[in-house]
Amino acid sequence: MTPSIAALRARRLPPRWFQRDTELVARALIGCALVHGARAAMIVEAEAYLDERDLASHARFGPTPRNQVMFGPGGVTYVYLCYGVHEMFNVVTGAAGTAGAVLIRAAAPLVGLPEPVDDAALRGPGKLTRALGLSRAHDRRPLDDDALFIARWRRVPAAAIARSPRIGVAYAGAWAARPLRFTLAGHPAVSGPRGKGRG
DNA sequence: CTAAGGATTTCT
DNA sequence: GAAATCCTTAGC
C-alpha cells in the first residue's frame, strides 16, 4: 500500500508534537512517515539523545555552534556530518531551553525512492539520508515545511516496539547502556540487533 | 578486520 | 595551531 505525498502532507505533524519529552517522541516516531520532496519512508528505528547530562548526546558539552539548535524548541531538523562521510538526520525535541533530539536510524521504503529499493536501502542513518536526498543543506529547517516533514502513518502497538541500547556510543559510560533506542521489532529494515520478535 | 573522510571540539 | 574524536559504511 503506497500513500500519496499529498495524503501524507495532510497528516503532517505540527511543531508542537515534537515539543515534548525526547524519549516519548522517539518512541512515537516509529511508524511515522519521513517525507522529503517526492520521497517517503516509514521510520522503523530511532534513538533519543537527551540534554547535557547524557554523555552520548551532542548536548553534553553545552551549546556549541553545531549543536545549538538542540537547545531551541522542537520541530526543526538537526543534520550533521559523521566520520567525514555520512549525514545524520535528527529531529529536535522538547521546549526551548531543554536540549534534546531524536536520530532517525532506519526506515522502510514507501514512495518515490530510486530503484532498486530494498529494505537495506534505508537501513542505517547514513544510508537513510542518502536515499532520501537529505544533507546538511537541510540542517535547522522547520519540519512543517511543504517539502520536508514527518506525517502520522502507521499506528504501532506498544507490544510491537522494542527498546535497546543506542548504537555506536560505547564511549558514553553508563549512558551507553540505557535503552533509548526504539525499533519496530523484527522489521527487516532495522539496523543491527532487531529487538524481540521473530525477525 | 580496517581505511576512508571532513568537521568539531578540546587540548597545548 | 595541532591532535583526538566521531550517533558509519563498504570493502578486504
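These numbers were taken from a predicted model, which means no experiment stands behind them. Below, chains carry the letters A, B, ... as their sequence lines are ordered, and counting in each starts from 1.
In this structure, NZ of A:K127 is placed 19 Å from P of C:dC7, rounded to the nearest angstrom. Taking atom CE of A:M70 as the reference point, atom P of B:dT8 lies 15 Å away to the nearest angstrom. Rounded to whole angstrom, the span from the CD1 atom of A:I167 across to the P atom of C:dT9 amounts to 10 Å. If you measure from atom CE of A:M88 to atom P of B:dA7, you get 16 Å, rounded to the nearest angstrom. Atom CG in A:L134 sits roughly 17 Å away from atom C1' in C:dT8 (whole-Å rounding). Rounded to an integer number of Å, the gap from CG of A:N67 to P of B:dT8 is 11 Å. One can place NE2 of A:H86 at 11 Å from P of C:dG11, the figure rounded to the nearest angstrom. Per the geometry, CG belonging to A:L81 stands 12 Å off P belonging to C:dT8, to the nearest Å.
Base contact: A:Y83 has a heavy atom under 4.0 Å from a base atom. Among the protein residues, A:R66 comes within range of the sugar-phosphate backbone only, with heavy atoms under 4.0 Å from sugar or phosphate atoms but none that close to a base.
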**Request:** Might you work through the ring pair (Phe, Tyr, Trp, His ring centres under 6.0 Å) test for A:H138 and A:F89, ending with a clear yes or no?
**Result:** CA-CA 9 Å; A:H138 306 94; A:F89 183 85; 8.2 Å; no

**Request:** Check the pair A:W17, A:V25 against side-chain contact (heavy atoms from CB on, under 4.5 Å), reporting the backbone distance first and the verdict last.
**Result:** CA-CA 8 Å; A:W17 190 90; A:V25 172; 3.8 Å; yes

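Close to C:dT9, at under 4.0 Å from its OP1 or OP2, lies no side-chain N or O of A:R130. Taking only side-chain nitrogens and oxygens, A:H58 comes nearer than 4.0 Å to OP1 or OP2 of C:dC7.
In terms of polar N and O atoms assigned as donor or acceptor, the side chain of A:Y171 never comes within less than 3.5 Å of the base of C:dC6 in a complementary pairing.
Put simply, A:Y49 rests on the base of C:dC7: the two rings are less than 5.5 Å apart at their centres and nearly parallel, under 30°.
A salt bridge links A:R12 with A:D146: the distance from a Lys NZ or Arg NE/NH1/NH2 to an Asp or Glu carboxylate oxygen falls below 4.0 Å.
Nucleotide B:dA4 is matched to C:dT8 when pairs are restricted to Watson-Crick or G-U wobble geometry with both distances under 3.5 angstrom.
Checked by atom type, the side-chain pair A:Q19/A:T93 shows no donor-acceptor distance below 3.5 Å.
The nucleotide whose nearest atom lies closest to any side-chain atom of A:V85 is, among B:dA4, B:dA7, B:dT9, B:dA4.
Across A:I167, A:T22, A:N90, A:V169, a single residue satisfies side-chain contact (heavy atoms from CB on, under 4.5 Å) together with A:E47, and that is A:I167.
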